[in-house]
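Heads up: the structure comes next, in structure tokens.
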2 protein chains.
Amino acid sequence: MSQAGISRPVDEQVGYVLKKAATVLRAAMDNALRPLDLTVSQYACLELLRQQPGLSGSELARAMFVSRQSMNLVLKGLERRGLLIRSPVPPHGKALPTRLAPAGLERLAAANEAVSVVEKKMLAGLTPEAERRLCADLTACVEALGDDLPADVSD
Amino acid sequence: MSQAGISRPVDEQVGYVLKKAATVLRAAMDNALRPLDLTVSQYACLELLRQQPGLSGSELARAMFVSRQSMNLVLKGLERRGLLIRSPVPPHGKALPTRLAPAGLERLAAANEAVSVVEKKMLAGLTPEAERRLCADLTACVEALGDDLPADVSD
DNA sequence: TCGTACATGTCAACACGCTGACATGATGCA
DNA sequence: TGCATCATGTCAGCGTGTTGACATGTACGA
């Protein structure tokens, strides 16, 4: 209690650098996606649906680390713009399977182009080996913090 | 335009893993700081002021990647609670130098204890060597994305 | 000296995400 | 069968952060 702990400058603390990297990347992606009239959340939602068609709102929310309510807003917006299609009637429980509309797939293709540019720029200074290592180390951090707990962000 | 680009699952994309790590870390820090009645933003603000006393609101905002306006709200809250002190009159331009109050330093010491636990847990699976490498790689990513641009988040 | 540019603090309005709460449909068990 | 439990979708309210705008104080150059 005598001294206030860590004296290392924030620039060398993993947490700080991690936040900075996430912030800068998000800003860069926002800029890249703005001409396509897509936010990062909307883009991520479309890409997830391309890889895993038929996901429900709750499943998408978990995959994107946001609440069901937030995801619901994203889905409503994308549906209203004709970029995706939700079953009007739940085939099983209350879950509404969601799929990309043709317009959504088209928009996503352009978005992936733009995002790819940003990603390449970000990783320009890293070897493929370093890139894999970075992913692995970050994943190790996530699991060390108890990845098992966050079944959902809210709830 | 024929195929929608990246087919790699999102779990292996740096951007996705980066966001996940940042989200999980923030959640863990929020939990750790809640008993102390501090948010992550408030904690970061106090820690920055400990390392660099006398910073103005705008300087703090830049260091924390938020807008001046957001930082202003954080500072008002901390000042009202007696955790920091702002010069009532600007000594030079309009910038108001800010310093930790004794109560703030005390609270910060406890907060650093709590945050240190979370950080240790997160880095448990990494060697010190890997930790440094992780920081370096993330910093490289930030700089590759054009670290020079974001003078301020807003503006 | 004047005026332009720039940085800072502050107010207002808006967007996004979260928590809390509720209703509904499915599942499992007594 | 009846009931408890769980997951999902949805509504309302709140907090946080952002953009836009404005006033003020400083520094620089004609």
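First the proteins, then the strands, lettered A, B, ... as listed; each starts at 1. All values derive from a computational prediction rather than experimental measurement.
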Practice problem: Select one nucleotide: of C:dC18, D:dG17, C:dC16, the one nearest the side-chain heavy atoms of A:T39. | Solution: C:dC16
Quiz item: D:dT16 phosphate, OP1 or OP2: any side-chain N/O from B:S70 under 4.0 angstrom?
Solution: no
Practice problem: Mind calculating the distance between CE (B:M71) and P (D:dT19) to the nearest angstrom? | Solution: 15 Å
Quiz prompt | Non-hydrogen atoms of B:A95 and B:S56 that approach each other most closely | solution = CB-CB, 3.8 Å
Quiz item: Rounded to whole angstroms, how far apart are CG on B:L33 and P on D:dT16?
Solution: 14 Å
Quiz item: Are A:K76 and C:dC16 close enough that a side-chain N or O sits under 4.0 Å from OP1 or OP2?
Solution: no
Self-check item: Atom-to-atom span, CG of B:D30 to P of D:dT16 - whole angstrom
Solution: 10 Å
Quiz item: Got A:L18 and A:L138 here, is their nearest side-chain heavy-atom distance under 4.5 Å?
Solution: yes
Quiz item: Considering only heavy atoms and no angle criterion, is a donor-acceptor pair shorter than 3.5 Å present between the side chain of A:Q69 and the base of D:dG13?
Solution: no
Quiz prompt | Spacing between A:R68 atom CZ and C:dG17 atom P, to the nearest angstrom | solution = 16 Å
Quiz item: Rounding to a whole Å, what distance do you find between A:N72:CG and C:dG20:C1'?
Solution: 16 Å
Quiz item: Given atom CD of B:E79 and atom P of C:dG9, what is their separation to the nearest angstrom?
Solution: 12 Å
Quiz prompt | Among D:dG17, D:dT26, C:dG9, the one nearest B:K94 by side-chain distance | solution = C:dG9
Quiz item: So which nucleotide from D:dT10, D:dT19, C:dT10 ends up closest to the side chain of B:R86?
Solution: C:dT10
Exercise. Check whether any side-chain heavy atom of A:L25 sits under 4.5 Å from a side-chain heavy atom of B:C141, and report yes or no.
Key: no
Self-check item: Pair B:R50 + B:E47, salt bridge at N-O below 4.0 Å
Solution: yes
Self-check item: Nearest-angstrom distance from the residue atom CG of B:L73 to P of C:dG9
Solution: 13 Å
Quiz item: Can you list the steps and then say if A:L46 with A:L38 is a side-chain contact (heavy atoms from CB on, under 4.5 Å)?
Solution: CA-CA 10 Å; A:L46 293 178; A:L38 286 177; 4.2 Å; yes
Exercise. Determine the sole option in A:L36, A:D37, A:L78 for which the side-chain contact (heavy atoms from CB on, under 4.5 Å) test with A:Q42 is passed.
Key: A:L78
Exercise. Please confirm whether the backbone N or O of A:R8 pairs with a side-chain atom of B:Q51, one donor and one acceptor, at under 3.5 Å?
Key: yes
Quiz item: Below 4.0 angstrom from OP1 or OP2 of C:dG9, is there any side-chain N or O of B:S58?
Solution: yes
Practice problem: Could you tell me whether the phosphate oxygens of D:dT8, OP1 or OP2, come under 4.0 Å of any side-chain nitrogen or oxygen in A:R62? | Solution: yes
Exercise. Kindly say if A:S41 contacts the phosphate of C:dC16, meaning a side-chain N or O under 4.0 Å from OP1 or OP2.
Key: no
Quiz prompt | Helical bend (five base pairs per end, nearest 10°) for the helix from C:dT1-D:dA30 to C:dA30-D:dT1 | solution = 20°
Just distance, no hydrogens or angles: give the donor-acceptor pairs under 3.5 Å from side chains in residues 122-135 of chain A, sequence neighbours left out.
residue, atom, partner, partner atom, Å
A:T127, OG1, A:A130, N, 2.9
A:R133, NH2, B:D137, OD2, 3.3

Exercise. Give a yes/no on whether any side-chain N or O of B:H92 is located under 4.0 angstrom from OP1 or OP2 of C:dT8.
Key: no
Practice problem: May I have the distance from A:R26 (atom CZ) to C:dG17 (atom P), rounded to whole angstrom? | Solution: 7 Å
Quiz item: 5'-most contact on DNA chain C: B:E59 or A:G93, nearest heavy atom basis?
Solution: B:E59
